[in-house]
Amino acid sequence: MDRAAARGESVDVADFTVGDEDFLIDGRPVRLLSGALHYFRVHEDQWGHRLAMLRAMGLNSVETYVPWNLHEPQQGRFHDVGALGRFLDAAHEAGLWAVVRPGPYICAEWENGGLPHWLTGALGPRVRTRDAEYLRHVDRWFHRLLREVVPRQIDRGGSVIMVQVENEYGSYGSDQTYLRHLAGLLRRLGVSVPLFTSDGPEDHMLTGGSVPGVLATANFGAGAREGFDVLRRHRPKGPLMCMEFWCGWFDHWGAEPVARDPADAAQALREILECGASVNLYMAHGGTNFAGWAGANRAGELHDGPLQPTVTSYDYGAPVDEYGRPTEKFWLFREVLAPYTDGPLPELPQPPATLAAPVAAVLPEWVPLGEVTDGLGGPEQVTGAPPSFDELDVDRGLVRYRVQVPGPRRPYPLTAPGLRDVAQLYVDGVRTELGAPVPGPASVELWVESLGRVNYGPRLGEPKGLTGGVLHERQYLHGVRARGLRLDAFDDAVAVAKLPFRPVLPGEPDCGARGLHRGTFDVTGAGDATLELTGWVRGFVWVNGFCLGRYWSAGPQESLFVPGPVLREGENEVWVLELAGAAADSGEPGLALR
């Protein structure tokens with residue numbers, strides 16, 4: 001029984017099916033005009049506005065992924081799985097159908113492609129296969145997750161019209177037994193709406209990622225006719241759909257920003273619709289990688305090059321930007337979509353409130369990074385070789401490794417082969433570059449920070465930390481003490497308040513030093529704002545306990561989005577976790593909201 005019927009309310013149910021040429025609602029052909037909007041990248045209080053923006057652009061559906069690692073950050077500890085259900089209810093209220101892509105793998109430029117670190121750390125390349133232990137965890141997760149989806153299907157009076165089987169599997173593997181298991185699992189757990197897969201329009205991808213009897217769709221950013229021709233070679237019948245029309249792209253830290261010409265994107269959208277196809281704009285509204293959940297890629301055609309961490313903003317060059325505002329692309333898309341919609345398009349909703357006046361923050365207190373790690377980190381482990389982040393149960397965050405160089409001995413280069421991702425080396429308390437000669441005896445500290453786990457390609461699930469040990473010349477250094485600091489440890493405001501904060505002295509080395517800096521700012525007229533950081537190098541920012549995400553002077557992102565619901569009238573608290581440390585002569589770092 002669905003939720004509304006259980007309350008004694010009348011419900012409008014419909015039959016959504018896949019025909020030989022079209023999608024059908026109660027037997028009537030319908031074209032899906034969908035847009036991707038990830039509930040986990042938008043503050044919940046702003047879902048309604050963003051969904052209304054999609055309706056005003058001319059869309060009739062919304063699509064979302066579901067990140068497993070967000071909802072089960074530690075094995076058996078579920079966190080707010082109900083957020084998906086609340087989002088699907090909001091979509092229904094907004095008059096939009098919903099397309100759900102539950103994974104278990106999602107890519108999405110999200111940490112580890114949405115797979116929990118505790119799963120990939122234990123199973124490695126056995127994930128995304130028929131491996132019995134992996135499937136046991138997937139089955140258990142789907143049993144919980146689908147409670148949010150099944151009662152909200154269109155044939156039960158809800159908004160959900162389609163559910164995806166895995167995600168772009170043909171770009172990764174070829175285990176048809178695994179895909180058939182997932183499709184069967186979805187059916188056994190009550191999914192009655194059509195299932196689908198999505199892959200790039202290439203033969204090997206469609207061969208590896210499609211499932212017999214399940215609708216296949218294609219993902220691309222241009223060349224609709226060619227892409228659909230390839231899809232038709234594999235599936236002569238069934239409605240055509242571009243499940244991911246890449247109308248923009250994402251950015252990496254330290255790289256040039258990526259932009260797509262709005263007119264070019266509008267013409268590519270027009271071509272999709274002229275083919276008689278349905279479409280899902282990826283992204284319609286990108287949102288933000290709050291709380292350090294941004295993933296990373298590997299450079300190179302075969303994804304075997306250097307790490308490329310994704311920035312905090314997931315604006316994506318979408319028609320509705322990170323702040324919820326219509327862009328030039330929005331108006332061009334609205335014009336292209338209008339002839340394919342029923343009746344006049346809705347007016348745009350009222351824009352969200354914005355900060356009434358700029359304000360500067362003062363951060364008069366701080367705690368050195370070592371003391372933060374001692375106070376909020378996990379237990380220190382003593383092992384022969386350095387443990388990985390996964391072995392220390394750290395998904396997002398950093399690890400402090402300590403080891404002794406025996407002596408006496410002459411100076412030899414100290415290296416960390418297999419290092420992932422970035423490390424800072426201290427020898428007897430002095431900052432030193434990796435590879436520099438180090439004499440013995442000496443006390444060594446290596447601070448390793450995760451810049452985001454790989455979310456796509458064959459390096460998915462690779463471990464973080466000192467994965468190749470610590471070498472002094474050719475000799476491994478053993479007897480390693482390691483303590484991890486999870487980023488979500490800062491969710492415990494009481495524990496943070498107990499840290500031994502001390503005054504920051506202007507002009508002294510502790511100004512902008514590595515550690516947790518705390519302060520306040522006063523707001524009159526709360527609303528969406530931009531947080532600008534000057535003089536800080538790399539770290540994370542919290543406002544009133546809400547983690548805005550990573551900042552990094554490497555660019556191209558130079559500021560952080562602050563959702564209006566995070567702010568409050570009067571005094572607001574801000575924390576800055578600086579992980580690299582500003583140079584002592586760089587001046588006092590600043591923080592301002594505009």
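One-based numbering along the sequence shown.
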Item to check | Glu578 vs Tyr551, side chain to side chain donor-acceptor pair (under 3.5 Å): CA-CA, chis, key distance, verdict | outcome: CA-CA 9 Å; Glu578 172 62 45; Tyr551 65 88; 2.6 Å; yes

Checklist entry - Which residue, Arg550, Arg396, Lys464, forms the salt bridge (charged side-chain N to carboxylate O under 4.0 Å, His left out) with Glu449? => result Arg550

Nearest-0.5 Å distance, [atom1] of residue [X] to [atom2] of residue [Y]:
| X | Y | atom1 | atom2 | value |
| --- | --- | --- | --- | --- |
| Arg101 | Gln164 | CZ | CD | 4.0 Å |
| Arg453 | Glu462 | CZ | CD | 9.5 Å |
| Met162 | Leu215 | CE | CG | 6.5 Å |
| Leu533 | Leu548 | CG | CG | 9.0 Å |
| Leu560 | Leu531 | CG | CG | 5.5 Å |
| Glu347 | Arg55 | CD | CZ | 12.0 Å |

Once the angle between the rings of [X] and [Y] is folded into 0 to 90°, is it parallel (under 30°), tilted (30 to 60°) or perpendicular (over 60°)?
| X | Y | value |
| --- | --- | --- |
| Phe561 | Tyr323 | perpendicular |
| Tyr172 | Tyr169 | tilted |
| Tyr316 | Tyr282 | perpendicular |
| Trp110 | Phe40 | perpendicular |
| Phe228 | Phe220 | perpendicular |

For [Y], does its backbone N or O pair with a side-chain atom of [X] as donor and acceptor, under 3.5 Å?
| X | Y | answer |
| --- | --- | --- |
| Asp528 | Pro563 | no |
| Asn544 | Val566 | yes |
| Ser559 | Thr530 | no |
| Arg298 | Asp304 | no |
| Arg459 | Asn297 | no |
| Asn280 | Glu244 | no |
| Gln153 | Val193 | yes |
| Thr341 | Ala338 | yes |
| Asp488 | Asp491 | no |
| Trp536 | Gly590 | yes |

Checklist entry - Do the charged groups of Arg31 and Asp342 touch, with an N to O distance under 4.0 Å? => result no

Checklist entry - Do Glu21 and Lys237 sit within salt-bridge range, that is, some charged N less than 4.0 Å from a carboxylate O? => result no

Does the side chain of [Y] come within less than 4.5 Å of [X]'s, by heavy atoms?
| X | Y | answer |
| --- | --- | --- |
| Pro262 | Trp331 | no |
| Ser450 | Asp421 | yes |
| Asp315 | Asp251 | no |
| Phe250 | Val311 | no |
| Leu567 | Phe521 | yes |
| Val279 | Leu273 | yes |

Item to check | Residue that, paired with Ser61, satisfies side chain to side chain contact (heavy atoms under 4.5 Å, CB included) out of Val30, Leu96, Leu54, Ile161 | outcome: Ile161

Item to check | Full working for side chain to side chain contact (heavy atoms under 4.5 Å, CB included) between Val336 and Leu269 | outcome: CA-CA 8 Å; Val336 171; Leu269 174 60; 4.0 Å; yes

Item to check | Glu148 and Val100: CA distance, side-chain angles, deciding distance, side chain to side chain contact (heavy atoms under 4.5 Å, CB included) verdict | outcome: CA-CA 11 Å; Glu148 307 299 326; Val100 179; over 6 Å; no

Next on the checklist: Between Asn69 and Asn112, does the side chain to side chain donor-acceptor pair (under 3.5 Å) criterion hold? Intermediate values first, please.
Outcome noted: CA-CA 8 Å; Asn69 52 5; Asn112 218 25; over 6 Å; no

What are the two closest non-hydrogen atoms of [X] and [Y], and how far apart are they?
| X | Y | value |
| --- | --- | --- |
| Val448 | Ala423 | CG2-CB, 4.0 Å |
| His38 | Ala108 | CE1-CB, 4.4 Å |
| Glu111 | Gly452 | OE1-CA, 3.6 Å |
| Pro309 | Ala296 | CA-CB, 3.7 Å |
| Lys329 | Cys247 | NZ-O, 2.7 Å |
| Pro556 | Pro257 | CB-CD, 3.9 Å |

Item to check | Stepwise side chain to side chain contact (heavy atoms under 4.5 Å, CB included) check, Val81 with Trp141 | outcome: CA-CA 10 Å; Val81 187; Trp141 162 234; 4.1 Å; yes

Next on the checklist: Would Gln557 and Trp253 count as a side chain to side chain contact (heavy atoms under 4.5 Å, CB included) here? Give the steps.
Outcome noted: CA-CA 8 Å; Gln557 183 173 352; Trp253 289 113; 3.9 Å; yes

Checklist entry - How about Phe87 and Trp47: are their ring centroids closer than 6.0 Å? => result yes

Item to check | Neighbour count >12 (heavy atoms, 6.0 Å) for atom CD, Glu93 | outcome: no

Next on the checklist: Is it the case that over 12 heavy atoms from other parts of the model lie below 6.0 angstrom from the CD atom of Glu558?
Outcome noted: no

Next on the checklist: Less than 6.0 angstrom from the centroid, inside 45 degrees of the normal: does Arg128 satisfy that with respect to the ring of Tyr105?
Outcome noted: yes

Next on the checklist: Could you go through Glu168 and Ser198, starting from their C-alpha distance and side-chain angles, then the distance that decides it, and tell me whether this counts as side chain to side chain donor-acceptor pair (under 3.5 Å)?
Outcome noted: CA-CA 5 Å; Glu168 291 187 319; Ser198 65; 5.6 Å; no

Next on the checklist: Could you go through His303 and Tyr456, starting from their C-alpha distance and side-chain angles, then the distance that decides it, and tell me whether this counts as ring-ring contact (aromatic ring centres under 6.0 Å, His included)?
Outcome noted: CA-CA 8 Å; His303 303 273; Tyr456 179 82; 5.2 Å; yes

Next on the checklist: Using side chain to side chain donor-acceptor pair (under 3.5 Å), reason through Trp68 and Glu72 one step at a time and then give a plain yes or no.
Outcome noted: CA-CA 6 Å; Trp68 183 0; Glu72 194 178 2; 2.8 Å; yes

Item to check | Verdict with reasoning, Asp203 to Arg233, per salt bridge (charged side-chain N to carboxylate O under 4.0 Å, His left out) | outcome: CA-CA 9 Å; Asp203 290 329; Arg233 290 205 304 268; 3.1 Å; yes

